[in-house]
2 protein chains.
Amino acid sequence: MTEKSKTLVDQILIQIQNSIITGEIPAGSKINEQSIAKQYGISRGPTREALQTLERQRLVVRAPHIGARVAQLTVKELNELYQLRSVLEGMACELASNRISQTEMQSLQALLERQEQALVDGDHDFQQQSEIDFHYQIIQASDNRHLQETLTGSLYHLIRMYRFQTSGDERPTSAIAEHRRIIDAIADGDGELANLLMRRHIERGRKNTEIKLIERQKQQAAAESLLTINNL
Amino acid sequence: MTEKSKTLVDQILIQIQNSIITGEIPAGSKINEQSIAKQYGISRGPTREALQTLERQRLVVRAPHIGARVAQLTVKELNELYQLRSVLEGMACELASNRISQTEMQSLQALLERQEQALVDGDHDFQQQSEIDFHYQIIQASDNRHLQETLTGSLYHLIRMYRFQTSGDERPTSAIAEHRRIIDAIADGDGELANLLMRRHIERGRKNTEIKLIERQKQQAAAESLLTINNL
DNA sequence: CGTGAAAATATTGTCGACAATTAAAACCAA
DNA sequence: TTGGTTTTAATTGTCGACAATATTTTCACG
């Protein structure tokens, strides 16, 4: 069936990615090359290459002679990431407004309807996934290769990670309404409006994630201080 | 003196970078791991890692089982690259306008004066270098880590490559005047204006580079057709 | 006990060899 | 010659071992 993935790196990369994004390997924790290699039954060569790829995706930070750690953003850095993302996706919307094809437009519309259905059904996983798909499709429609690579190659993995690890019950109703308006603006060819609406949409997502990250950090700090007290 | 660069990759990386940026290894040409390794007296391991780093910097394109090639942009892709850059550096200007410190501002002013002096002296190399420095300093002043990494880690190497390989006698007088206005806007804290001026500044650079790239491509096409005729 | 130096351990960096795959050459048929 | 096949060579992918560096542990001394 899934016959490809000819190289070992490709095969394990997605697995490590998922382990990081889900938090199975916690943010900030050290990654040992040998144990990763043993875990997947491969040698350290491909493991190192996978780690370098993860570094490009900004999921991992590496230092010479010291090793790799799972990335961990401060609240400030998370906000910076979202700010950058909003500018880039706003640009994507503006470009898409001028160039988007009929089939791409129909695909976006169909996706939106499925999202609305998933909202009715309460299918939370699908909502999460289709939120991502929505943004991906617009990015693809921008028809700017470097913009696409920057967003999907370097920024989106981190976004997904923090979305996943801070996700409770989101703000699905309002988010879908925002999607609707963005699509309408693109359909109208109003790039300036689409840009603005996308930036606002992402800014709301940023606030949501920021709040939850701060909550989580407080809990962790509390748990840690409790732990250190017990160890004295 | 220069005591660091503890790892082999760091040592050879800059050399390969320069070979690519100067065109010593031509755009689009294949890169052989073994010959690179032999050339620098190291094994293929570090060589592969260096190539992967160059891939992150977008100076190299790699394909599984096929190998690495020096990146080669079409005119369309070059324009997309510049368009992305202008949006990001516009953003950097806007952020810098709000946050820049006095010392950073003075450093920018000093750089500008040196640029003007280099213009008088006709020091072309220094002009080229300080043009880059100017943009770097503003990017640094933006105080957004992800923006910085995107620009200096992924985009600027390609920009430098195409700047270098298409550079004749540039448009130095007007460029410096534009720098002056951008700095003034930042000093005034007028982020919106600084953003606009930077985008225009880069757009002019784009046009300049585009024209020269098209010229070069025509020359190459002519030379190539001549060559094939002779081989018949 | 605490602190700092020294020894021991663990981890990353580098190498050379072999396997898997692709690119080039040789070959044959039309 | 040309087009397609098979064979050969070249190149990339993977592995295990050793070297260089960082981290942990041990131990002596205050």
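This one's a predicted model, so the numbers in the text were calculated from it and none came from an experiment.
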key: Min side-chain heavy-atom separation B/Q165-B/K212 under 4.5 Å   = no

Answer yes or no: is there a donor N or O on one side and an acceptor on the other, between the side chain of [X] and the main chain of [Y], under 3.5 Å?
X	Y	value
A/Q52	B/E49	yes
B/S107	B/T103	no
A/Q148	A/Q140	yes
A/T47	A/S43	yes

ask   = Given that A/G45 and A/P64 both sit by DNA chain D, which one's nearest nucleotide is further toward the 5' end?
value = A/G45

note = Closest to the 5' end of DNA chain D, once A/I66 and B/I31 are matched to their nearest nucleotides, is B/I31

[X] [atom1] - [N] [atom2] separation (whole Å):
X	N	atom1	atom2	answer
B/R44	D/dA10	CZ	P	15 Å
B/L51	D/dT11	CG	P	14 Å
A/Q34	D/dT23	CD	P	16 Å
B/E33	D/dT12	CD	C1'	6 Å

query = Just how large is the angle between the end axes of the helix from C/dC1-D/dG30 to C/dA30-D/dT1, five pairs per end, to 10 degrees?
reply = 0°

task = Determine the sole option in B/I202, B/L81, B/I132 for which the side-chain contact (heavy atoms from CB on, under 4.5 Å) test with B/I159 is passed.
result = B/L81

query = In terms of the angle between their ring planes, are B/F134 and B/H179 parallel, tilted or perpendicular, with boundaries placed at 30° and 60°?
reply = parallel

inquiry  = For a quick test of reading the model: is some side-chain N or O of A/K30 closer than 4.0 Å to OP1 or OP2 of D/dA22?
reply    = no

request  = Could you walk me through whether B/R199 and B/E89 pass the salt bridge (charged side-chain N to carboxylate O under 4.0 Å, His left out) test, one step at a time?
outcome  = CA-CA 7 Å; B/R199 292 207 312 270; B/E89 288 206 48; over 6 Å; no

Contact interval (first through last nucleotide) of DNA chain C with protein chain A, 4.0 Å heavy-atom = C/dT11 to C/dT22

